[in-house]
Amino acid sequence: MSACVPARADSARTKHIHPPHSPPPGGPRRFRLAGADVSAAIAVFLIALPLSLGIALATGAPLQAGLVAAAVGGIVAGRIGGCPLQVSGPAAGLTVVTADLIQRYGWRTTCAITILAGLAQLGLGCLRVARSALAVSPAIVHGMLAGIGVTIAVAQLHIVLGGTPQSSVPDNLVALPAQLANLHPADLAVSVLTLTLLLLWPRVPGRAGALLGKLPAALIAVAGATAVASLTGLLLPKVDLPSWSSHALATLPDGPVLGLLAAVLTTTLVCSVQSLLGAVAVDKLVTARPAPAGHVKRSNLDRELLGQGAANVVSGSLGGLPIAGVAVRSSANVAAGAVSRNSTMLHGVLVVIAALLMVPALELIPLASLAALVMAVGLKMVSLNHIRTVTRHREVLVYAVTTFGVVFLGVLEGVALGIAVAVGVALHRLTRTRITHDQVEGVHYVHVRGQLTFLAVPRLSRILHQVPPGADAAVELDGSFMDHAAYETLRDWQKTHTAQGGAVDITGRRPGTRISEPAEEDGCRCRPWTPWRNHQCERPPKAPPPDAHGQAATDGATGGTLAAATGPTAPGTRDTRDTRDARDTAGAPGAPHPLGASGAADGPNGHELARGISAFHRNTGPLMRRELARLAREGQQPSQLFLTCADSRVVTSMITSSGPGDLFVVRNVGNFVPLPGEESGDDSVAAAIEYAVDVLKVRSITVCGHSGCGAMQALLDAEHGGARTPLQRWLRHGLPSLERALPDLDARANEPEQEQRQEQKQGQEQEQGPEDGRSRPLLAGRGPVDAAERLCLANVVQQLEHLRAHDSVARALRAGDLELHGMYFHVGEAQSYLLSEDAEGGVFALVPTTDLTARPLHRLTA
């Protein structure tokens with residue numbers, strides 16, 4: 001009887017069945033607007049209104065164009081886009097591009113270019129190339145935004161001082177001394193007030209600051225400067241919103257074809273990259289948001305590109321600015337608690353209302369205040385955090401070249417220059433290889449750091465020939481690529497050095513890295529924690545050797561081939577018949593034993609063990625030696641006792657991401673904790689519990705069950721009248737779990753009538769509760785798929801009760817020094833569930849893929 005093999009083929013399946021007493025799915029759902037979406041929409045609207053006017057002012061477009069873009073971005077992109085919480089509209093990153101287009105082709109042609117760029121985005125979205133845009137180096141993107149920010153800040157500085165900006169950064173810098181000599185005090189005063197409010201408003205201390213901080217600083221800065229300018233009667237240039245009847249719309253593009261194509265390409269590139277990177281950033285913000293009010297789907301980048309393209313087509317047709325995802329408004333939307341795309345769409349509706357009903361109030365805003373606001377936004381685009389990041393990743397050259405290229409040449413030229421430098425840096429890193437030679441205790445070590453290409457072959461050959469003939473040598477390859485020229489060089493040197501009496505060991509980071517003749521290679525290329533079969537590399541089966549008559553060898557007793565004589569393998573087990581002859585000749589007569597002359601490793605299993613140990617010595621051992629030496633000196637100090645099943649599929653270090661010294665692990669068939677006592681107790685498990693709690697002072701004990709447990713299936717199938725074998729005697733410790741999970745179940749019943757009555761009884765228990773009053777634990781979101789899974793869950797809860805019966809555990813629980821946890825690992829889903837007693841009856845809740853360090857696990861105290 002096998003105790004820990006997959007119980008039944010269908011036990012791991014999760015069947016989603018409609019609850020019998022719930023109403024059937026109704027018709028179309030009614031539109032619901034969550035309160036969190038309303039508050040988030042208002043917050044985003046208050047930020048978008050002044051920024052939209054400021055960006056329109058910075059580009060030289062009609063001020064209504066900013067409002068049109070904000071409304072269309074919220075409604076169209078918000079409805080169609082693939083990132084529900086990203087807010088789209090006129091973006092500061094498009095200011096320089098749009099300003100250049102307006103100056104070169106005029107406003108109406110710029111609107112036509114926006115439409116064409118939107119059509120190009122729609123085409124890219126249909127081709128599903130959105131992910132390709134993320135291949136652009138972040139250093140290029142950050143450098144592009146920084147260059148645009150510098151351009152914006154220098155241009156708006158002239159308006160802050162009361163003048164008019166020039167067409168380029170060099171021209172603005174040349175004209176700056178004259179502007180400083182002829183500044184306008186009123187414009188400067190309003191700008192300084194705007195910047196002061198913008199800077200100090202988020203820093204108001206105390207409870208009042210927490211209350212006032214809910215209002216966006218951009219709105220307060222512009223509103224405060226407008227109020228002061230109106231009350232003091234300052235004569236300043238102010239916002240001028242012409243009648244919507246005279247609003248300029250798009251026309252047919254007029255200009256050189258190549259120039260228009262370059263303009264469309266630039267607009268498409270900047271809009272798409274900024275929007276896609278913004279969508280990825282919004283996903284990170286949503287994931288990091290504590291306790292979200294609702295489930296928000298991850299972004300569909302191809303759909304987001306389609307939404308941005310549709311928004312640009314509509315915006316250009318209505319005479320609006322180009323549209324892209326905006327980081328400031330998107331961050332505010334997430335921070336305000338938005339749970340759906342309704343917040344983005346509602347903010348667009350509010351912009352439309354403001355553009356129609358708030359024109360008199362908007363025309364009181366001084367242009368200098370908007371210029372100061374946009375200048376501050378431009379300066380924030382030069383992020384010190386981004387500079388530190390690219391410096392840490394040694395890409396500051398790409399960042400600097402892109403930034404200066406955008407400032408002095410233009411956006412498209414700067415990005416192209418940055419891409420060229422990034423490619424050059426990548427090629428330099430690919431060809432840069434460090435090769436060192438050291439001698440330690442008579443062994444010559446050649447360490448290769450980097451990629452081995454033909455360009456490094458001369459240096460490699462020179463270093464290798466520094467190793468004396470006949471000496472022991474080790475070549476350590478610290479890289480992931482080796483071309484044919486480097487391979488031939490290493491192999492030829494190895495053959496020559498070995499022929500001269502020396503020994504060569506060539507190792508690398510990847511398991512199985514070897515330089516040898518093809519006939520000597522075992523072909524093992526296993527990777528840690530990747531799909532494998534028993535972590536053993538198997539060769540194709542070899543045919544049985546022919547006999548003297550040229551026929552395959554047969555078993556004389558049966559007349560069949562040796563391979564067929566053993567019969568078929570059981571389902572779910574590994575068939576090793578085809579692999580025994582496929583192994584290396586470790587078990588062949590006359591061949592050396594991998595573990596010595598004792599013959600302990602004779603056969604394929606011994607060879608596999610020796611190969612695994614060798615891989616540990618070569619790859620993992622050097623990395624862990626210092627930590628293991630520390631543990632050897634200081635002793636073990638685990639924080640947890642982990643009690644789980646002996647099933648080979650449950651790898652405790654993998655599913656808990658733990659290492660040496662972290663877990664004190666006890667494994668047995670069925671993860672049982674026998675009750676203390678002379679008749680029913682088990683000294684081995686009790687001794688481990690006592691040692692872990694009283695000596696090691698562990699802070700928690702976890703009982704972990706798993707799906708497809710053979711011990712649970714054996715409990716269901718076995719006759720419990722007598723205990724004959726050691727396994728049957730051991731399984732008696734699971735009888736309390738069987739009574740808890742299925743008190744009236746005859747596990748040996750196979751008649752359809754009995755099974756039907758039992759299923760009906762289980763369904764009644766799920767609705768009415770068990771008759772004996774004891775909890776029936778469930779998995780979050782669904783019930784157990786069969787009796788075996790129900791027993792697995794109940795067994796975890798039952799063993800936790802057994803733990804409390806041990807004196808050492810009871811004392812530690814009373815003192816508050818110990819926590820008990822229940823865990824269920826679903827092997828087929830590779831998912832872990834933790835037991836929570838907050839819900840009635842006990843529920844195993846799925847562990848999310850977020851940081852759990854900030855939230856304590858549910859405590860199961862006595």
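Each of L198, V192, L199 was compared with T196 under the side chain to side chain contact (heavy atoms under 4.5 Å, CB included) criterion, and only V192 meets it. Partner of I140 under the side chain to side chain contact (heavy atoms under 4.5 Å, CB included) criterion, out of V421, T402, V273, T403: T402 alone. Under the side chain to side chain contact (heavy atoms under 4.5 Å, CB included) test applied with R298, the options V286, V282, V280, D283 reduce to a single match, D283. Here the options are L305, L306, N300, the test is side chain to side chain contact (heavy atoms under 4.5 Å, CB included), and the partner is D302; only N300 passes.
The shortest side-chain heavy-atom distance between Y105 and L260 falls under the 4.5 Å cut-off. Between V228 and V190, every side-chain heavy-atom pair lies at or beyond the 4.5 Å cut-off. Side-chain contact between L265 and L261 is absent, with no heavy-atom pair separated by less than 4.5 Å. Taking 4.5 Å as the limit, every side-chain heavy atom of P322 sits out of range of all side-chain heavy atoms of V97.
Residue I353 holds its CD1 atom at 8.0 Å from CZ of F45, rounded to the nearest 0.5 Å. Going from atom CG of D187 over to atom CG of L161 covers 9.0 Å, rounded to the nearest 0.5 Å. Interatomic distance, CG of L157 versus CG of N172, reported as 8.5 Å (0.5 Å rounding). A distance of 12.0 Å separates NE2 in H184 from OG in S191, rounded to the nearest 0.5 Å. Between H347 atom NE2 and L46 atom CG the span is 10.5 Å, to the nearest 0.5 Å. Separation of atoms CD (Q64) and CG (L53) is listed at 9.5 Å; rounding is to 0.5 Å.
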- Test M144 against V270 for side-chain contact (heavy atoms from CB on, under 4.5 Å), laying out the working first. CA-CA 9 Å; M144 178 190 71; V270 178; 4.3 Å; yes
- Message: Please evaluate residues V377 and I152 with respect to the criterion side-chain contact (heavy atoms from CB on, under 4.5 Å), reporting the C-alpha separation (whole Å), side-chain torsions for both, the decisive distance (0.1 Å), and the verdict.
- Response: CA-CA 9 Å; V377 173; I152 293 173; over 6 Å; no
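In terms of heavy atoms, V352 sits closest to A71 at CG2-CB, 3.5 Å. Nearest approach of T344 to G78, heavy atoms of both residues: CG2-CA, 3.9 Å. Here the closest non-hydrogen pair linking I323 and S88 is CG2-CB, 3.7 Å. The minimum heavy-atom distance between Q121 and S272, with the atom names listed, is NE2-OG, 3.1 Å. Nearest heavy-atom pair across A338 and L85 is O-CD1, 3.6 Å. Residues L321 and A61 share a closest heavy-atom pair of CD2-CB, 3.7 Å.
Around atom CG of D254, no more than 12 heavy atoms belonging to other residues, nucleotides or ligands sit under 6.0 Å away. More than 12 heavy atoms of other residues, nucleotides or ligands lie within 6.0 Å of CZ in R108, so this atom counts as buried by the packing criterion.
Without hydrogens or angle criteria, T114 side chain to T110 main chain gives a donor-acceptor distance under 3.5 Å. Remark: side-chain polar atoms of W201 are not paired, donor with acceptor, to backbone N or O of L219 under 3.5 angstrom. The backbone N or O of A56 lies less than 3.5 Å from a partner atom in the side chain of T59, making a donor-acceptor pair. Using a distance-only test at 3.5 Å, with no hydrogens or angles considered, a donor-acceptor pair links the side chain of S39 to the main chain of A36. Without hydrogens or angle criteria, H158 side chain to A155 main chain gives no donor-acceptor distance under 3.5 Å. When atom types are taken as modelled, the side chain of T267 and the backbone of V264 share no donor-acceptor pair closer than 3.5 angstrom. Distance alone, capped at 3.5 Å, is enough to place a donor-acceptor pair between the S330 side chain and the V87 backbone. Judged by distance alone, the side chain of N333 and the main-chain N or O of R329 form no donor-acceptor pair under 3.5 Å. The backbone N or O of A311 sits nowhere less than 3.5 Å from a side-chain atom of S315 that would complete a donor-acceptor pair. Between the H393 side chain and the T389 main chain, a donor and an acceptor come within less than 3.5 Å of each other.
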Just list the side-chain donor-acceptor pairs under 3.5 Å for residues 355-376, sequence neighbours left out, or say none.
unit_1 : atom_1 : unit_2 : atom_2 : d
E363   : OE2    : L241   : N      : 3.4
S369   : OG     : T194   : OG1    : 2.9

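For R104, the side chain to side chain donor-acceptor pair (under 3.5 Å) partners two or more places apart in sequence, or in a different chain, are D100.
Defined by atom type and a distance below 3.5 Å, a donor-acceptor pair is present between the side-chain atoms of D37 and S340. Residues Q86 and S275 have side chains that never bring a donor and an acceptor to within less than 3.5 angstrom of each other.
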